[in-house]
Chemist: 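Please find one structure pasted underneath; my questions will follow.
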Amino acid sequence: MSRNLQYVTAHLPMLQVEEEDLEKNPQFSKLLLEMCQFLEASGASVWLCNELEESHREMRIQRKLWFRSEVIYRLIQEILIELQVKKQEGTITDEENKFQDGLQQCLLVSECSRLLSDPDPDPGSVPLLGLEKQDLHDLLPSQMDVLWLRERLHKQLEDALRKKCFNFLSFHQPETDEEGEVLRAAKALRLATTLEDEKRRLKNEQEKHHEMGELLEKQQEMYPSVLLRCLALLRQAASDLRLQAQTDIDRMNAEYLETKSNAYLLKLRIEELQVLTDTYTPEKVEVHKYIRSNLESAVKSEKTELSASRQILASYEFLGTKFEELVQEYTRLRDKIKDNRWAIQELSKTLP
């Protein structure tokens, strides 16, 4: 950004000027630079802004004076109302009654004098009801009574103002209720400055809030486009990484399935061992050991007999064909004995 554009943008922010406009139109750029010397940021002339500022300053002074008079007038009205309430209740003293009558008389004369006053009177005009200010001044109390009323009024106004200041201070800072009167008076004197600072701070925060609102609106306008761009980037990244990641995913799935199958096999082995443990108790194991030892002893004895029989058979083999004939004869006789035994058993069953 060029220096001329920065200068124009800073002094005339309401103009939407681009750098290309200033480069293409140098005379227009020169005109804007000269206008910056005579115009304020709002677009008004410097002279008009100075006059407006002076008018605002004078208005603030007059408003301050009016508020001061209005506060005093309303305090006097409150004092008169309190005295009137006491008068109706019958608790008013003679001094307070005198003060009420004199204050009402002075207030009435003051209001009538204000009505008679004309800032631009015509030379031949007649005053209202033919009265002059001097006629009203004759209705005022005596000079000594006026001085006494003024002194008493000043004291009561001070007390009323102090009371209202303390009430306002208690409303704004409730923790000051337990403090001393001197400290509360000092804080009440600084209360206007404190409120002005708070007002300024709140105004700054309101401006910041407004700026943040505008920034939020801009971000909300940019958010959909940024979101769509991010979504497109994510889709592209997913497409690029899909094939590369698929191999790793398959390998991880295979490892997972292998680990899962091993876990199932171990679980089955554990179940098998659990069944064996539940089936073969220590007592049953001892019995099986005893049976096994007996079977091993029997097998050992049978092996011994087998070997002895084999030795006997080997010795008989030396006899040759005669041994075979003896064997056949022995077999025939044994079968015949068996048949005879069966026949005897059958005959014994039939006999009574």
Side-chain angles (χ1 to χ4, degrees), residues 40 42 44 48-87 96 99-121 128 131 133 136-137 139-141 145-177 179-210:
E40 293 289 337
S42 61
L48 181 60
C49 290
N50 293 334
E51 291 292 330
L52 186 61
E53 182 64 25
E54 185 66 25
S55 300
H56 286 167
R57 189 182 301 108
E58 184 66 24
M59 184 183 66
R60 287 193 295 269
I61 294 173
Q62 295 297 328
R63 185 172 59 181
K64 184 177 180 181
L65 295 175
W66 182 85
F67 275 126
R68 183 183 302 173
S69 302
E70 184 68 16
V71 168
I72 295 174
Y73 177 76
R74 293 193 179 187
L75 288 175
I76 292 174
Q77 293 293 336
E78 290 179 4
I79 292 172
L80 290 175
I81 291 173
E82 291 178 0
L83 293 175
Q84 185 65 27
V85 171
K86 286 185 177 182
K87 190 174 183 180
E96 289 177 344
F99 176 71
Q100 180 189 9
D101 295 338
L103 186 58
Q104 287 180 343
Q105 189 175 358
C106 292
L107 188 62
L108 182 59
V109 171
S110 176
E111 291 180 355
C112 292
S113 298
R114 183 175 57 83
L115 293 174
L116 290 176
S117 61
D118 190 359
D120 297 321
L128 182 63
L131 297 175
K133 289 185 178 182
L136 297 176
H137 290 168
L139 300 175
L140 290 173
D145 291 340
V146 170
L147 294 176
W148 176 79
L149 288 171
R150 183 180 299 172
E151 182 179 358
R152 185 180 178 89
L153 180 62
H154 286 175
K155 184 178 180 181
Q156 291 198 7
L157 286 176
E158 289 178 359
D159 295 338
L161 285 173
R162 186 184 300 107
K163 183 179 179 181
K164 287 187 177 296
C165 289
F166 286 165
N167 290 336
F168 192 72
L169 181 64
S170 299
F171 175 79
H172 185 261
Q173 302 176 7
E175 66 277 4
T176 59
D177 293 341
E179 297 177 353
E181 186 175 355
V182 178
L183 184 59
R184 294 181 67 192
K187 289 186 177 181
L189 291 175
R190 295 195 302 269
L191 188 59
T193 305
T194 303
L195 293 176
E196 189 67 25
D197 294 339
E198 290 185 1
K199 180 180 178 182
R200 191 179 302 109
R201 179 178 56 82
L202 291 174
K203 185 177 180 181
N204 294 334
E205 291 181 356
Q206 187 177 5
E207 292 177 355
K208 291 181 180 179
H209 179 72
H210 183 67

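The first residue in the sequence is number 1, and the count goes up from there.
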Chemist: Are Leu65 and Gln62 close enough, and set up right, to give a side chain to side chain contact (heavy atoms under 4.5 Å, CB included), and what steps lead you there?
Modeler: CA-CA 5 Å; Leu65 295 175; Gln62 295 297 328; 4.3 Å; yes
Chemist: If the condition is side-chain hydrogen bond (donor to acceptor under 3.5 Å, both in side chains), which residues does Glu196 pass it with, not counting sequence neighbours?
Modeler: none
Chemist: To the closest 0.5 Å, what do you measure between CD (Gln156) and CG (Leu103)?
Modeler: 8.5 Å
Chemist: For the CZ atom of Arg150 and the CG atom of Leu153, what is their distance to the nearest 0.5 Å?
Modeler: 9.5 Å
Chemist: How long is the gap from CD1 on Ile76 to CD on Gln104, to the nearest 0.5 Å?
Modeler: 11.5 Å
Chemist: Apply salt bridge (charged side-chain N to carboxylate O under 4.0 Å, His left out) to Lys163 and Glu78, showing your working.
Modeler: CA-CA 13 Å; Lys163 183 179 179 181; Glu78 290 179 4; over 6 Å; no
Chemist: With salt bridge (charged side-chain N to carboxylate O under 4.0 Å, His left out) as the test, pick out the partner of Glu205 among Lys203, Arg201, Lys208.
Modeler: Arg201
Chemist: Does the pair Arg57/Glu54 count as a salt bridge with the N-to-O cut at 4.0 Å?
Modeler: yes
Chemist: Take Lys164 and Val71 through the test side chain to side chain contact (heavy atoms under 4.5 Å, CB included) and record every step on the way to the result.
Modeler: CA-CA 11 Å; Lys164 287 187 177 296; Val71 168; over 6 Å; no
Chemist: Going by side-chain hydrogen bond (donor to acceptor under 3.5 Å, both in side chains), name the residues that satisfy it together with Asp197, two or more places apart in sequence or in a different chain.
Modeler: Arg200
Chemist: Tell me which one of Leu80, Ile79, Asp145 satisfies side-chain contact (heavy atoms from CB on, under 4.5 Å) with Phe99.
Modeler: Ile79
Chemist: Evaluate whether atom CD of Glu207 has more than 12 neighbouring non-hydrogen atoms of other residues, nucleotides or ligands under 6.0 angstrom away.
Modeler: yes
Chemist: Once side chain to side chain contact (heavy atoms under 4.5 Å, CB included) is applied, do any residues pair with Glu70, and if so which ones, sequence neighbours excluded?
Modeler: Trp66, Arg74
Chemist: Does the side chain of Leu195 come within less than 4.5 Å of Glu198's, by heavy atoms?
Modeler: yes
Chemist: What is the distance from atom NE2 of His209 to atom CG of Leu202, rounded to the nearest 0.5 Å?
Modeler: 12.5 Å
Chemist: For Glu53, I'd like to know if atom CD has over 12 heavy atoms of other residues, nucleotides or ligands within 6.0 Å.
Modeler: yes
Chemist: How many angstroms lie between atom CZ of Arg152 and atom CG of Leu147, to the nearest 0.5 angstrom?
Modeler: 15.0 Å
Chemist: Supply the atom-to-atom distance Leu52 CG to Met59 CE, rounded to the nearest 0.5 angstrom.
Modeler: 9.0 Å
